[in-house]
Student: 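The structure's right below; bear with me while I get my questions together.
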Amino acid sequence: MWSALRTIWRVFLHLFEKKPTIEYPEVKPKLPPRYRGRIVLTRDPDGLERCVACYLCSAACPVDCIALQMAEAPDGRRYPAFFRINFSRCIFCGFCEEACPTYAIQLTPDFEMSEYRRGAMVYEKEDLTVDGQGKYPGYNFYRVAGLAIAGKGKGEAEGERAPIDVRGLLP
Amino acid sequence: MATIVVDGRPYEADPARNLLDVCLSHKLDLPYFCWHPAMGSVGACRQCAVKQFKDENDTRGRLVMACMTPAADGARFSIADPEAKAFRASVIEWLMLNHPHDCPVCDEGSECHLQDMTVMTGHNERRFRFPKRSYVNQDLGPFVNHEMNRCIQCYRCVRFYRDYAGGADLDVFGVHDGLYFGRAGDGTLESEYAGNLVEVCPTGVFTDKTLKRHYARKWDLQTAPSICVHCSLGCNVIPGERAGELRRIRNRYNREINGHFLCDRGRYGYEFVNDERRVRRALAPHGPDRSADPLDPNEAIARVAPLLAGRVVGIGSPRASLEANFALQTLVGPDRFFQGISTRDKRLVDTALALLREGPSRAPTLHEVERADAVLVLGEDAPNTAPRLALALRQTAGVVPRQAVAGIPRWHDNAVRELIQDAKTPIYLATPVATRIDDLARRGQHAPPEEIARLGFAVAHALNADAPPVGGLAPEVAALAEEIAGVLRAAERPVVVTGTSCGSEAVLRAAAQVAWACGAGLCCVLPECNSMGLALLGGGSLDDAARALSDGDTLIVLENDLYERTTAADALLARAGHVVVVDHLAHATGARAHTLLPAGTFAESDGTLVNNEGRAQRFFQVFAPSGHSIRESWRWLRDVMNAAGRAEAAGWHALDDVIAALAAARPDLAGVRDAAPSAAWRFAGNKVARLPHRATGRTALHADRSVHEPRAVPDPDAPFNFSMEGAGVELPLPAALVPRFWSPGWNSEQALHRFQEEVEGPLRGGTPGVRLVAPGAGPIPWWRDPPGPFRRREGEWRVVPLHHVFGSDPLSMLSPGVAQRAPAPYVALAPADALGAAVVVTGEGFAATLPVRVLPELTPGTAGLPVGLVGPLPAVVEVKPA
């Protein structure tokens, strides 16, 4: 008898406690920026594609859900001719983000990706690319890489000396 | 055998080898850069440092470079010694000071020796805070990409290009830390072996420019063992495919043939596989504009099958596999099977085969050519017809002087080169025009084929009195013959190199006569990749086919463009009632077809090719072509036979059944069965995986079409899966089944030593391939009828076929880079014959106005015409001013 009353009392007290349940979808949960949700492709500070199509994300992917093809633009920049993520296979492990040497591929706190058709879960480059720099602002791979592109010749990258003059004999 | 101690464990060692070589042969991990198995040691990079101890009581030891240290008996070393490890880590750190932040955009990534060695030494952070060095790149032509910032100054490129391949236009420039490896200015690398820089360079300075247009990482490439189809040598290659497109060709080590290197025609000639001119659907062209709707494969078969009730004539091809040709031979019967080559070519190839079979001389492998101590080249322009053979001859040049070197180990490359200077193995060349290996020759002769043959017969007579003499020789030629005979007689391992390229049977016979007279090897270059196989199979020439073809007969043409072979192609095709062409490319013959069946290229089918030494080698399908239309040529022929109710092919379910039928029909070719393990071969119940275990994108690559993963295509023909599943290359696979070279920690092709018995030895389990041609045991069949001297006739020019490494092979000409390197059509004339800047050349149905190229060495009365660039060549032409 006492035990039953105590239980009822306790249940009653819970009415005044803070509610952990969130009324999703009316109320959106507040997720940290490093939450591993929907994958995006970001742009560099100049607004150009960050992805250089190095294939490291697809190599790191444990479920092999990333496929791409490298292409080279006339200005010397490399970019993915296509970049496809099959989100119906993705396990949101974030390995691709860790592998990315240019901060191009990033995971975002968006997780609302339900679809009725699995085909709709296949995202192409146009679906993945966002306008901003994401979590790593300011990084521009081509500024530090040795590869020459239009507007940045040899020796003009950060921390690079002017090109060697092969015909110079001075020590 | 000596015993050395490494880290306290004894190892067997050959004291003639260096320590690095021995460590790698024992599969020990020891980083290195400048050492290359084919090029020896120079000790430039200091990366392979190990500790050497005086005796078991010595605890301090001293650092030595493994590549410069002989593996002497009883020597004690340590790879794991902390001081040696720290030294190696420092060397890598120094090399990486200036290495650019390029790995994501570098084509070498995934197979970079520098990456592997950096990981092996444990270096992972750049502590140097100062700016990096940079260089301006050069445009090196259509094949090789240059990115000089990545250079680590190991000198491998110039050692290969200049010392090994005899090139002159790549060099090292500059001083101190500004060394520059490149050309004096922008421009195409001239050497036809320049593509090997891609594999020789341990990092990404030289990369494959054709791969860059459709790049894929090594871990994504589907590969299978294959054979090059661009000349008769049968070099072993590794084609790599991704997403239905052939991406590149890499070298597949075969000690007896290509070793570590390929020529650029073989490496870059692959692009016809992806070409727009490919036939991808069965077609039945009709009407004046030859328009055609694609046919379903079954419709196409149903269209052809009823024709088998009538008379059918079959034309095979020296670029189709033995199995495909055999299937056609079965379909039409041996009497109506023809080889699809001109009468002249057939006579040449048949002569070559007869000489190898009836005479006592064995056809040497390229490895044996590389070790010869005297060479006579008769009539063959090897750098253009069989470039890998010319590269082998360049190594032969060093054999005799190197033998004489005493007190310096053979692997001590720089020291040996300094000592021998320009000394060379005696090599004699007699060719119609100058070749790019003339610099190797002690003496030589540029003369018309008859004169070359006469020189050969004279040498044979000087060597062996049983060989008939040659009358009316010029005194200087007789003296040259005596000199050559003297050298060949004194040699222990002489080799005679000849071939069909100058179009003369007399030259072939003369070369064989020399080889027989002195017991030399007879290396005979043939026109195409399966010329030997087709000659073994038999069948008449195209002229015989024209005679056998009655009006209204059905004509089946297998992987062959008759317009390249004969000027009478039009007449032949017009007489046939129904022309069926089975080919992978749309060409002039295909345009005349009533039914066109899409065949698989070498990368989409399996089969056997027989190379110039008579070695049958299996090539395996690299990828399954998309759609259901493209199938192997033999499968089309089988399906047609089965649909027509013929019994012969009823049991041909897979390639092994065709090979079994071939072996049953032709016991002399039964060796083909053993060219590679059959499709039933398994490793612990598994087939071999064509894809590396790291291949990516499996669930996304096709997801734009369907999210359901496609089933792996079953492969009944080969012990391989079109999948990542199955036995990997880390397992002890037979040499004929190794689809790529990779080992944990060794991602680049430097992993090769893990697949060899020992460094520079054969692949584990022995060299793949089976010899089908053996020398005769009977008396020497001397040829008693040497030709008379060349005599010029008024108003007549003898045609000398001139071959071009880029241009004379029609398949490789579909690669844009190869086409760019090919010359424009021309006629070569002696200075006395050059009638103007352009001349009209006519004869035997041939007529063209061609620009004149003056060749001083050409004999007046002969005219050189480029093979493959001006259509089928006549034997004699008339030259008039334009």
Student: Which atoms of A:C65 are under 4.5 Å from chain B, going by heavy atoms: the side chain, the backbone, both sets, or neither?
Tutor: both
Student: Select, from A:D64, A:V166, A:D165, the one with the greatest count of heavy-atom pairs under 4.5 Å involving chain B.
Tutor: A:D64
Student: Chain A heavy atoms under 4.5 Å from B:H99: which part of the residue, side chain, backbone, both or neither?
Tutor: neither
Student: Does a side-chain N-to-carboxylate-O contact under 4.0 Å join B:E241 and B:R247?
Tutor: no
Student: Side chain, backbone, both or neither: which part of B:E709 has a heavy atom under 4.5 Å from chain A?
Tutor: side chain
Student: Given heavy-atom pairs under 4.5 angstrom as the criterion, report whether the side chain, backbone, both or neither of B:D220 touches chain A.
Tutor: side chain
Student: Before accepting this row, confirm whether a basic side-chain N of the pair A:E160/A:R143 lies closer than 4.0 Å to the acidic partner's carboxylate O.
Tutor: no
Student: At a 4.5 Å cut-off on heavy atoms, which part of A:V144 comes close to chain B: side chain, backbone, both, or neither?
Tutor: both
Student: Of the backbone (N, CA, C, O) and the side chain (C-beta and beyond), which part of A:R117 lies under 4.5 Å from a heavy atom of chain B, both, or neither?
Tutor: neither
Student: Have B:N747 and B:R694 got a donor and an acceptor in their side chains that come within less than 3.5 Å?
Tutor: yes
Student: Using non-hydrogen atoms only, which part of A:A162 is less than 4.5 Å away from chain B: side chain, backbone, both, or neither?
Tutor: backbone
Student: Please classify the contact between B:A695 and chain A as side chain, backbone, both or neither, with a heavy-atom cut-off of under 4.5 Å.
Tutor: backbone
Student: Can you confirm if the aromatic rings of B:H146 and B:Y135 lie within a centre distance of less than 6.0 Å?
Tutor: no
Student: Does anything in residues 70-88 of chain A reach chain B? List residues with heavy atoms under 4.5 Å apart, or say none.
Tutor: A:M70, A:E72, A:R78, A:F82, A:R84, A:N86
Student: Between B:Y161 and B:R159, is any side-chain donor less than 3.5 angstrom from a side-chain acceptor?
Tutor: no
Student: Can you tell whether the side chains of A:K152 and A:E158 come within less than 4.0 Å, N to carboxylate O?
Tutor: no
Student: With a 4.5 angstrom heavy-atom cut-off, could you sort out which part of B:R698 is near chain A: side chain, backbone, both or neither?
Tutor: both
Student: Please look at B:R129 and chain A and tell me whether the side chain, the backbone, both or neither of the residue comes under 4.5 angstrom of a heavy atom of that chain.
Tutor: neither
Student: Sort by residue number and list every member of residues 95-116 of chain A having a non-hydrogen atom under 4.5 Å from chain B.
Tutor: A:P101
Student: Would you say the rings of B:Y155 and B:F181 are close, in the sense that their centroids are separated by under 6.0 Å?
Tutor: yes
Student: Could you tell me whether the side chains of B:T203 and B:R150 share a donor-acceptor contact shorter than 3.5 Å?
Tutor: no
Student: Assert yes or no for the condition that the ring centre distance of B:F623 to B:F722 is strictly below 6.0 Å.
Tutor: no
Student: Spell out the residues in residues 27-49 of chain A that have some non-hydrogen atom less than 4.5 Å away from a non-hydrogen atom of chain B, in order of number; otherwise answer 'none'.
Tutor: none
Student: Please output the residues of residues 123-141 of chain A in contact with chain B, using a heavy-atom cutoff of under 4.5 Å, in numerical order.
Tutor: A:E124, A:Y139, A:F141
Student: What part of A:L147 lies closer than 4.5 angstrom to a heavy atom of chain B: side chain, backbone, both or neither?
Tutor: both
